A.B. asks: 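Below is a structure I'd like to ask you about.
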Amino acid sequence: MDCPQEDLPVIHSTQRDVLPPPSEFQELLGSLPTRKDMMNALHYCYNGFWFCEAILEGTTTFQQNFQAQDTDIILVTAPKSGTTWLKSLVFSITCRLQYKISDKNHPLVTTNPHGLIPFFEFLYGDNKSLHMPVGKPRLLATHLPYTLLPESIKTSKCKIIYLCRNPRDTFVSMWHFRKKILLKFDPSWQFPSIEESLERFCEGVSKYGPFWEQILQFWKLSKESPEKVLFLKYEDLKGDIIAQCKNIADYLNCSFSSEEENEGVIEDIAKFCSFEHLSNLEVNKSNEEGNVPLIENNMFFRKGEIGDWKNLLTTSMAEKLDQLVEQKLHGSGLKLN
Ligand code: A3P
């Protein structure tokens with residue numbers, strides 16, 4: 001099988017009844033260009049972006065069926081750019097009156113962040129029993145580019161938080177993550193060389209790629225409509241997490257009060273959601289598949305550092321990637337280093 005269910009970063013679904021009839025979906029698949037992606041898994045080019053079959057099926061169903069509400073909060077990231085961290089921060093910030101971070105039974109103590117904020121592509125996919133969140137605001141997530149989001153997200157007043165990461169570290173994180181999953185699925189999986197893998201990443205043939213297109217879409221939108229999109233960088237979260245927690249809370253209209261600031265609520269949230277703390281919680285150390293079929297909870301936590309690319313890429317490979325990024329972002333005003 002070419003495309004394992006490896007990248008099913010979430011959970012279960014009650015949406016099976018809304019999936020398109022298999023024949024219709026198979027017809028769509030048959031009409032799309034295909035290529036092996038950066039890890040040699042078969043991918044389909046759908047409206048300019050690359051997907052494996054399982055994710056594409058959930059994506060098309062999501063596009064046809066999801067109705068956004070004005071109060072929805074939608075987290076958008078490229079894979080491996082810090083989604084797990086963003087989910088834990090946004091959950092902690094928006095639910096802080098309901099769940100004190102010091103509470104021993106805080107949902108993040110017992111549930112991996114992906115179990116609390118589902119990805120649309122999996123919520124609408126053929127998984128097990130993922131549920132659409134109830135109550136308001138609904139916290140939801142996706143790796144999809146803006147152009148592939150359903151109209152109701154674009155026309156409603158729902159808010160989007162976009163997080164990206166330096167492409168060198170994103171590539172390396174992705175390479176480790178998918179290697180682990182693919183080997184688990186098939187111990188004899190044949191990977192491209194690291195050079196070839198990077199080459200395909202630079203051609204845009206990676207999960208949800210081309211990665212720069214997605215980043216640019218949300219960057220431009222955040223400039224045009226700052227009330228609709230908050231644009232964040234992993235490196236800025238690392239640089240000053242307190243300022244970024246305030247930034248997120250202000251954007252979501254749930255600013256921290258001066259009492260909360262004095263009581264150290266922001267510091268507590270930042271510490272709770274830190275790599276060190278989250279990755280050491282029993283639920284996240286667990287190698288159970290838990291909320292994410294085929295992906296063990298602990299696989300979302302590797303090093304959580306800036307600059308780990310140096311351990312996999314040569315300087316010339318990194319320079320090649322930098323040149324591509326510079327060329328693609330030219331004139332946008334965005335810098336990713
Ligand atoms: P590394 O592979 O570089 O360690 P995603 O959540 O989008 O799948 O991204 C995973 C990356 O974010 C991994 O990077 C992972 O270690 C890192 N990560 C997970 N939780 C984090 C946290 N709380 N703080 C910082 N980085 C975190």
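Because the structure is predicted, anything quoted here is derived from the model rather than measured. Just follow the structure's listing: the first ligand is 1, and inside any ligand the first atom is 1.
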A.B. asks: Under 4.0 Å between a Lys/Arg side-chain N and an Asp/Glu carboxylate O for R168 and D322?
C.D. replies: yes
A.B. asks: Show the short N or O contacts, below 3.5 Å, that ligand 1 makes with protein N or O atoms; if there are none, say 'none'.
C.D. replies:
| unit_1 | atom_1 | unit_2 | atom_2 | d |
| --- | --- | --- | --- | --- |
| ligand 1 | 2 (O) | S173 | OG | 2.6 |
| ligand 1 | 2 (O) | R302 | NE | 2.7 |
| ligand 1 | 2 (O) | R302 | NH2 | 3.4 |
| ligand 1 | 3 (O) | R165 | NH1 | 3.4 |
| ligand 1 | 3 (O) | R165 | NH2 | 2.9 |
| ligand 1 | 3 (O) | R302 | NH2 | 3.3 |
| ligand 1 | 4 (O) | K303 | N | 2.6 |
| ligand 1 | 4 (O) | G304 | N | 2.7 |
| ligand 1 | 6 (O) | T83 | N | 3.1 |
| ligand 1 | 6 (O) | T84 | N | 2.8 |
| ligand 1 | 6 (O) | T84 | OG1 | 2.5 |
| ligand 1 | 7 (O) | K80 | N | 3.2 |
| ligand 1 | 7 (O) | S81 | N | 3.2 |
| ligand 1 | 7 (O) | G82 | N | 3.1 |
| ligand 1 | 7 (O) | T83 | N | 2.8 |
| ligand 1 | 7 (O) | T83 | OG1 | 2.5 |
| ligand 1 | 8 (O) | K80 | NZ | 2.7 |
| ligand 1 | 9 (O) | G82 | N | 3.3 |
| ligand 1 | 14 (O) | R165 | NH1 | 3.2 |
| ligand 1 | 14 (O) | S173 | OG | 3.4 |
| ligand 1 | 16 (O) | R302 | N | 2.9 |
| ligand 1 | 16 (O) | G304 | N | 3.3 |
| ligand 1 | 23 (N) | C273 | O | 2.9 |
| ligand 1 | 23 (N) | F275 | N | 3.3 |
| ligand 1 | 26 (N) | Y234 | OH | 2.8 |

A.B. asks: Any chance the rings of F231 and Y162 have centres within less than 6.0 Å?
C.D. replies: yes
A.B. asks: Looking only at the side chains, is there a donor atom on one of N247 and Q244 sitting less than 3.5 Å from an acceptor on the other?
C.D. replies: yes
A.B. asks: Between F122 and H114 (judged by ring centroids, cut-off 6.0 Å), do the two rings come close enough to count as a pair?
C.D. replies: no
A.B. asks: Can you check whether W175 and F191 have ring centres sitting under 6.0 Å from each other?
C.D. replies: no
A.B. asks: Which pairs count as ring pair (Phe, Tyr, Trp, His ring centres under 6.0 Å) when at least one residue sits in residues 60-79, sequence neighbours excluded?
C.D. replies: F62-F66, F62-F120, F62-Y124, F66-F120
